[in-house]
Amino acid sequence: MHDPAITEAVAKLCEEFPGAYWRALDERRAYPTEFVNALTEAGYLAALIPEEYGGAGLNLAAAAGILETIQASGCNGGACHAQMYMMGTILRHGSDAQKRRYLPEIASGRLRMQAFGVTEPTSGTDTGALRTTARREGDHYIVNGQKIWTSRAEHSDIMLLLARTTPAAEVAKKTDGLSTFIVDMRSARDHGLTIRPIRTMMNHNSCEVFFDNMRVPAENLLGVEGKGFRYILDGMNAERLLIAAECIGDAKWFTQKSVAYGRERHVFGRPIAQNQGVQFPIAKAYAQMRAAELMVREGCALFDEGKPCGEQANMAKLLAAEASWAAAEACVQTHGGFGFAEEYDVERKFRETRLYQVAPISTNLILSYLAEHVLGLPRSY
Ligand SMILES: Cc1cc2nc3c(=O)[nH]c(=O)nc-3n(C[C@H](O)[C@H](O)[C@H](O)COP(=O)(O)OP(=O)(O)OC[C@H]3O[C@@H](n4cnc5c(N)ncnc54)[C@H](O)[C@@H]3O)c2cc1C
């Protein structure tokens, strides 16, 4: 699945950003600007942008390989992974003018596209219940409302925003009447856009974002007004597969740490990993990771062939997030007290990988998808 040359080059780049770099950022909840710049300059964040727009024109399997390697090296792609999959929304649904304007700028790194505004405090997972509105007024839309968990909002130039353009009472389905906009956050900041960081369990640069009569030019509407939910959904398989690949990388990092420490740490006159009670959780998590990895590969292969892959993308995300958590848990247990010491990086990665069972989609919602859409069970909500 992975191109060995790319994997090797990404791993080499990651060597420049060791645990000490991430620990220092984690303490301050600071953004890994140097790391993101290095990835951008090397072209990795433009992996999925077609060559005609200045990107690398790679497929999803290759992009998954890049993110997996970043995580397996102990780094954190969460700081910039969204750029990889969000550009797909512009590519698939943007006008020619929008594609020509934004994609080459994103590919070159001159424009950072890291922020994705969907979740709101009151609607949560129920996206159709979102309350942020965009009202057309002449050649602008006037946006009012609030988003939450808009990651990287302070470190992005543009945001993809989902807002209601037709009141829910006037549409057949509550997911109709939503529209997607490209918001230039540089000009909007202090002109109706306010960003407030949220301090979280791990360093993820997530924010609350407030819109108070923020003006968005009508030309920044993506595709057709009212069809925005569909456009966001279209990007979700790629997002799930890429996040699943990150989880595989995390699981590999934890397993490698567990194995190394388990062999080297001697208690009762022998390596702790000689005890089956220590070996088995590591071996079990490894088996879970390998199975999940196969599902990630299958999902990416189907995606790259242009075939439906909702089932595989959802299962890949579910299984990979569970595998990384199992590997994380085994790693902390193997390290005993040292699993809690910052300098080992285990506790940091443990906090970081926990996120993927909740965001970008929680485990329950994946199970609901499988139950309803794959198994034909009654819709539960
Ligand atoms: C660090 C972080 C970064 C994020 N980044 C972004 C981002 O960049 N952009 C963005 O738009 N969003 C982002 N999110 C939001 C994320 O997608 C949501 O947190 C996630 O989808 C869950 O929504 P919620 O938090 O509102 O939980 P809720 O919807 O309130 O759900 C809470 C719990 O109830 C369960 N639940 C709810 N309804 C059902 C049901 N019908 N059946 C079974 N279980 C149910 C859920 O599975 C969950 O466990 C981020 C979140 C975090 C924590």
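For the single chain, residues carry numbers from 1 onward in sequence order. As the structure lists them, so they are numbered: ligands from 1, and atoms in each ligand from 1.
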Atom 53 (C) of ligand 1: the protein heavy-atom neighbour that sits closest, reported with distance to 0.1 Å:
L355 CD1, 3.6 Å

With a 4.5 Å limit on heavy-atom distance, are the side chains of R215 and H140 in contact?
yes

Can K147 be said to touch ligand 1, with heavy atoms closer than 4.0 Å?
no

Side-chain heavy-atom pair E208, P121 within 4.5 angstrom cut-off
no

Who passes side chain to side chain donor-acceptor pair (under 3.5 Å) against R189, sequence neighbours left out?
none

min-distance protein heavy atom vs atom 42 (N) of ligand 1 -> S368 OG, 4.5 Å

Check the pair F350, W325 against ring-ring contact (aromatic ring centres under 6.0 Å, His included), reporting the backbone distance first and the verdict last.
CA-CA 8 Å; F350 180 83; W325 183 239; 4.7 Å; yes

Counting from 1, what ligand 1 atoms have a heavy atom of V118 closer than 4.0 Å?
11 (O)

Show which atoms of ligand 1 fall inside a sub-4.0 Å distance from at least one heavy-atom site of S362.
46 (C), 47 (O)

Could you list the atoms of ligand 1 found under 4.0 angstrom from a heavy atom of F116?
7 (C), 8 (O), 9 (N), 10 (C), 11 (O)

Pull out every atom of ligand 1 sitting under 4.0 Å from any heavy atom of M202, numbered as shown with elements.
1 (C)

Protein non-hydrogen atom found under 4.0 Å from atom 23 (O) of ligand 1
yes

Checking side-chain polar atoms at under 3.5 Å, does D250 have a donor or acceptor matched by the opposite partner on T353?
yes

Protein heavy atoms: any of them under 4.0 Å from atom 32 (C) of ligand 1?
no

Give the residue, atom name and distance (to 0.1 Å) of the protein heavy atom nearest atom 25 (O) of ligand 1.
W149 NE1, 4.4 Å

When rounded to the nearest 0.5 angstrom, what distance separates CG in D345 from CZ in R348?
4.5 Å

For G124, the ligand 1 atoms whose distance to one of its heavy atoms is below 4.0 Å:
26 (O), 29 (O)

With I158, the side chain to side chain contact (heavy atoms under 4.5 Å, CB included) member among N220, V183, L111:
L111

Checking contacts now, so for atom 13 (C) of ligand 1, which I'm interested in, is there any protein heavy atom under 4.0 Å?
yes

For atom 21 (O) of ligand 1, the option (of A359, P121, P360) bearing the nearest heavy atom:
P360

What protein heavy atom lies closest to atom 3 (C) of ligand 1? Include the residue and the distance to one decimal.
S151 OG, 3.1 Å

Using the ring of Y261 (Phe, Tyr or Trp, six-membered ring only), decide whether R263 places NZ or CZ under 6.0 Å from its centre and within 45 degrees of its axis.
no

Please tell me whether Y21 and F35 form a close aromatic pair, meaning their ring centres lie under 6.0 Å apart.
no

Side chain to side chain contact (heavy atoms under 4.5 Å, CB included) partner of L222, chosen from L162, T180, L161
T180

For ligand 1, which atoms, with element, lie under 4.0 Å from some heavy atom of Y381?
41 (N)

Among protein heavy atoms, which lies nearest atom 38 (N) of ligand 1, and at what distance?
L365 CD2, 4.2 Å

Best match, T119, N364, L367: closest heavy atom to atom 10 (C) of ligand 1
T119

Where ligand 1 meets V358 - atom numbers and elements under 4.0 angstrom, heavy-atom basis
20 (C)

Are a donor atom and an acceptor atom from the side chains of R29 and N205 found within less than 3.5 Å of each other?
no

Near T125, which atoms of ligand 1 are under 4.0 Å from a heavy atom of that residue?
22 (C), 23 (O), 26 (O), 27 (O), 28 (P), 29 (O), 31 (O)

Pairwise side-chain contact, R135 with R164, heavy-atom cut-off 4.5 Å (strictly under):
no

